[in-house]
Amino acid sequence: MAQQAYPPATPLAIAVLALLEERPMHPYEMYQTLITRREDMLIKVRPGSLYHTVARLADQELVRSEGVDRAGNRPERTTYRITARGRDALRDRIAEIVRRPIAEYPIFPVALGELHNLPKRDVLALLRERLGHLDTEIADVDMLIAWAEEHVVPRRYWIALPYLRTSLDAEAAWVRDFIAELDSGAVEWAEFDPETGARSTQPDQTWADIGSRPPPVQRRSAANSPADLSVSKPS
């Protein structure tokens, strides 16, 4: 009988399967391990969501219960182990994500696209505030990279950190450059009435004027056949 197809594993499900690939754990131990390793920089980790994710993976037979323990007056804790099917699902999902970029629809570009609805003064203040947060995040990632190097953690376990560092640095550089552009007057901006908040002036050209000249359609790469993208299974 053909196996039932399930929705692609969420980021938290990937993290859970990866932990259980290391060794069996109970959900609270998974949560503690993810927080200790600062995986919360990559995925949203909440105890309730984690327990729900583990239960869903068990229903899909990607993990299985291995036993229930109780220490003292603590609640019972169920230990889970990854199944062979779960291991295949983990590797296939990682390969699927890595092999080609997909539109992830981050929310910051959405706000940038509508930034013209705010007064210039507010935009500059908000971007400077964001830049401060980015600099803090960069310093945090630098601290984790330094810790990993100092403790000789194998590079394969923290290759996401340099990627995060580069991404944050690129965003901070863009925000810094745009602040300078906007502040200098190089970017045309509408004026807003300080009392009503309504636009008091319009730029020379608006989207309505451009509507008859739509931008080009995005070109998408052809999907590779599954046979070409098979993932080798480590022995």
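Fair warning: this is a prediction, and the values are worked out from it, not measured in the lab.
To the nearest 0.5 Å, the span separating CG on L20 from OG1 on T79 amounts to 9.5 Å. Annotation: the span from H26 atom NE2 to E66 atom CD amounts to 12.5 Å, rounded to 0.5 Å. Atom OH of Y28 and atom OG1 of T78 lie 16.0 Å apart (nearest 0.5 Å). To the nearest 0.5 angstrom, D135 atom CG is 12.0 Å from R130 atom CZ. In this structure, the separation between CG on L50 and CG on L34 is 6.5 Å, given to the nearest 0.5 Å. Distance check, rounded to the nearest 0.5 Å: CD1 of I107 to CG of L112 gives 11.0 Å.
In terms of hydrophobic clustering, with Ile, Leu, Val, Met, Phe, Trp and Tyr side chains grouped at heavy-atom distances under 4.5 Å, M30 and I43 are assigned to a common cluster. One hydrophobic cluster, built from ILVMFWY side chains closer than 4.5 Å, cannot hold both Y163 and I94; they sit in different ones. Cluster membership for L126 and V187, using ILVMFWY side-chain heavy atoms within less than 4.5 angstrom, is shared.
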Checklist entry - Under the side chain to side chain contact (heavy atoms under 4.5 Å, CB included) criterion, do R37 and L19 qualify, and how do the steps go? => result CA-CA 11 Å; R37 294 179 180 178; L19 286 178; 3.6 Å; yes
Item to check | Audit row: L115, F178, side chain to side chain contact (heavy atoms under 4.5 Å, CB included) steps and yes/no | outcome: CA-CA 12 Å; L115 209 53; F178 184 68; 4.3 Å; yes
Checklist entry - Given R23 and E29, is the salt bridge (charged side-chain N to carboxylate O under 4.0 Å, His left out) satisfied, shown in steps? => result CA-CA 11 Å; R23 58 185 169 83; E29 185 181 7; 2.5 Å; yes
Item to check | From CA spacing to verdict: side chain to side chain contact (heavy atoms under 4.5 Å, CB included), R176, L127 | outcome: CA-CA 8 Å; R176 194 173 288 110; L127 288 175; over 6 Å; no
Next on the checklist: Please determine whether salt bridge (charged side-chain N to carboxylate O under 4.0 Å, His left out) holds for the pair R155 and E149, giving the CA-CA distance in whole Å, both sets of side-chain angles, and the decisive distance to 0.1 Å.
Outcome noted: CA-CA 8 Å; R155 179 76 184 278; E149 291 175 340; over 6 Å; no
Checklist entry - Checking side chain to side chain contact (heavy atoms under 4.5 Å, CB included) for the pair V63/R81: CA distance, chi angles, key distance, verdict? => result CA-CA 6 Å; V63 304; R81 175 185 294 276; over 6 Å; no
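Nearest heavy-atom pair, V141 versus L161, reported as atom, atom and distance to 0.1 Å: CG1-O, 3.6 Å. Contact detail for L62 and I82: the closest heavy-atom pair is O-CG1, 3.7 Å. When all heavy atoms of I14 and L90 are compared, the closest pair comes out as O-CD1, 3.7 Å. Across all non-hydrogen atoms, the minimal contact from P106 to P109 is O-CD, 3.3 Å. Of all heavy-atom pairs spanning A172 and I138, the tightest one is CB-CD1, 4.2 Å. When all heavy atoms of P162 and I145 are compared, the closest pair comes out as N-CD1, 4.2 Å.
Of the possible polar contacts, none joining the S49 side chain to the V45 backbone as a donor-acceptor pair under 3.5 Å is found. Side chain of H151 to main chain of W147: a donor-acceptor pair is present (N/O by atom type, distance under 3.5 Å, no hydrogens or angles). Within the 3.5 Å criterion, the main-chain N or O of F192 finds no donor-acceptor partner in the side chain of R199. The backbone N or O of L12 sits nowhere less than 3.5 Å from a side-chain atom of T53 that would complete a donor-acceptor pair. At least one donor-acceptor pair under 3.5 Å links the side chain of K120 to the backbone N or O of L182. Proximity of a side-chain donor or acceptor of D92 to a complementary backbone N or O of A89 within less than 3.5 Å is not detected. Checked by atom type and distance alone, the side chain of W189 never pairs as donor or acceptor with a backbone atom of R121 at under 3.5 Å.
For R56, there are no salt bridge (Lys or Arg N to Asp or Glu O under 4.0 Å) partners, not counting sequence neighbours.
Remark: R128 CZ is packed, more than 12 non-hydrogen atoms of other residues, nucleotides or ligands lying under 6.0 Å away. The number of heavy-atom neighbours closer than 6.0 Å to CZ of F108, taken from other residues, nucleotides and ligands shown, is above 12.
No side-chain heavy atom of H116 sits less than 4.5 Å from a side-chain heavy atom of V123. The shortest side-chain heavy-atom distance between Y80 and S65 falls under the 4.5 Å cut-off.
Both the sub-6.0 Å distance and the 45° axial angle are not jointly satisfied by R156 relative to the ring of W158.
A salt bridge (charged side-chain N to carboxylate O under 4.0 Å, His left out) check over residues 39-52, counting only residues at least two apart or in different chains, returns the pairs R38-D40.
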